[in-house]
*Asks:* 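First the structure, which I've put down as structure tokens, then a few questions once you've had a look.
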There are 2 protein chains.
Amino acid sequence: MEVEMLELDEKELFVCCGSTQFAKEMAKASPFSSLDQAVSAARHVWFNLVDVNGWLEAFSAHPQIGQSPSSQWSKAEQSTALATATESSSQELADWNARYRQKFGFIFLICASGRTTAEILAELKKRYSNRPIIEFEIAAQEQMKVTELRLAKLFSAKGKASSTAF
Amino acid sequence: MEVEMLELDEKELFVCCGSTQFAKEMAKASPFSSLDQAVSAARHVWFNLVDVNGWLEAFSAHPQIGQSPSSQWSKAEQSTALATATESSSQELADWNARYRQKFGFIFLICASGRTTAEILAELKKRYSNRPIIEFEIAAQEQMKVTELRLAKLFSAKGKASSTAF
């Protein structure tokens, strides 16, 4: 029984998570025998190897939530939010995004998949009261969720929908 | 019974902790009626208001531990370390400092006051195995200890050795 391996290059990995160090370390760990193996490697690299500057680099690669996303992937991830936005909720979200960025020094990051604008706004307001270091770690966890979704899409696009090939 | 107030300006505060935001917020909170009040304000500003970029800014204001410090205060804080350093321990410390910086993206920070080179080296090796986010918070706590010592010196230098003036 041979396991088919999937090779991912730095460029593809950087689209999953915009940290140069993440993309480099993951490319070194590639190829992967399954999505599970890739996700497990990604979690290790992101939480243990990528330094705080790398986290900030990856955060800055995202569009502001609620703003017209430039990438296809951000657009798909924010489709529920975009479909449920009204003019006033969009404005409120923009205002809170600005307050958040002012306080924390990086963009508000949330795995938006399946969430409405109202849910995202409620989460933003709740997280706004956190201490900067706490919020920094929460944002990193949200980034990891986004990375996992994108790795899954990458595997799927490359004809690897199942986690292991028999 | 009147309490004498001590005014601290941004420049003095920046020497205690090299974050622009810290110095600004503390200058706003000045004058202080006692060292205790100043330390309490400093803790609030550092842990709740200064963002992660501000932490990195403050870390980068320190000399590498074990290297000839340029400021009088760093020199005094590292006097025990400097007095107990041998050629080989200095070299080992320099090597580990480089490894630490390579892994975490910022300088190894420790409140060196009263610690020997051997103690500092042992602590560096122990902390080196931490995850980046954990180490980031530990470094911030060490920075706060340094800030407290420097605030105390500032109060003392300005003729305010006791915590409250009656």
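This is a predicted model, so every value here is computed, not measured. Letters A, B, ... mirror the listed sequences (proteins, then strands); counts begin at 1.
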*Asks:* If Ile, Leu, Val, Met, Phe, Trp and Tyr residues are connected whenever their side-chain heavy atoms lie under 4.5 Å apart, and connections chain through other members, are B:L49 and B:V52 in the same group?
*Replies:* yes
*Asks:* Please answer: with hydrophobic residues joined when any side-chain heavy atoms are less than 4.5 Å apart, are B:F136 and A:M144 in the same cluster?
*Replies:* yes
*Asks:* Answer with side chain, backbone, both or neither: which region of A:L56 has an atom nearer than 4.5 Å to a non-hydrogen atom of chain B?
*Replies:* side chain
*Asks:* Output the distance between atom CD (A:E137) and atom CZ (B:R131), rounded to the nearest 0.5 Å.
*Replies:* 5.0 Å
*Asks:* Should we say atom CD of A:E7 is surrounded by more than 12 heavy atoms from elsewhere, each under 6.0 Å from it?
*Replies:* yes
*Asks:* Residue by residue, which of residues 96-111 of chain A have a heavy atom closer than 4.5 Å to a heavy atom belonging to chain B?
*Replies:* A:K103, A:F104, A:G105, A:F106
*Asks:* Do B:W55 and B:I134 land in one hydrophobic cluster if side-chain heavy atoms of ILVMFWY residues count as linked below 4.5 Å?
*Replies:* yes
*Asks:* When you look at NZ of B:K153, are more than 12 heavy atoms from neighbouring residues, nucleotides or ligands closer to it than 6.0 Å?
*Replies:* yes
*Asks:* Between B:G54, B:A140, B:P132, which shows the greatest number of heavy-atom pairs under 4.5 Å with chain A?
*Replies:* B:P132
*Asks:* Determine, using the 4.5 Å side-chain heavy-atom cutoff (strictly less than), whether B:L13 and B:V146 are members of one ILVMFWY cluster.
*Replies:* no
*Asks:* Identify which part of A:N53 has an atom lying under 4.5 Å from any heavy atom of chain B, answering side chain, backbone, both or neither.
*Replies:* side chain
*Asks:* Once you round to the nearest 0.5 Å, how far does CG of B:N48 lie from CD1 of A:I133?
*Replies:* 12.0 Å
*Asks:* Cluster question for you: counting only ILVMFWY and a side-chain heavy-atom cut-off of under 4.5 Å, with indirect links fine, are A:M26 and A:F14 together?
*Replies:* no
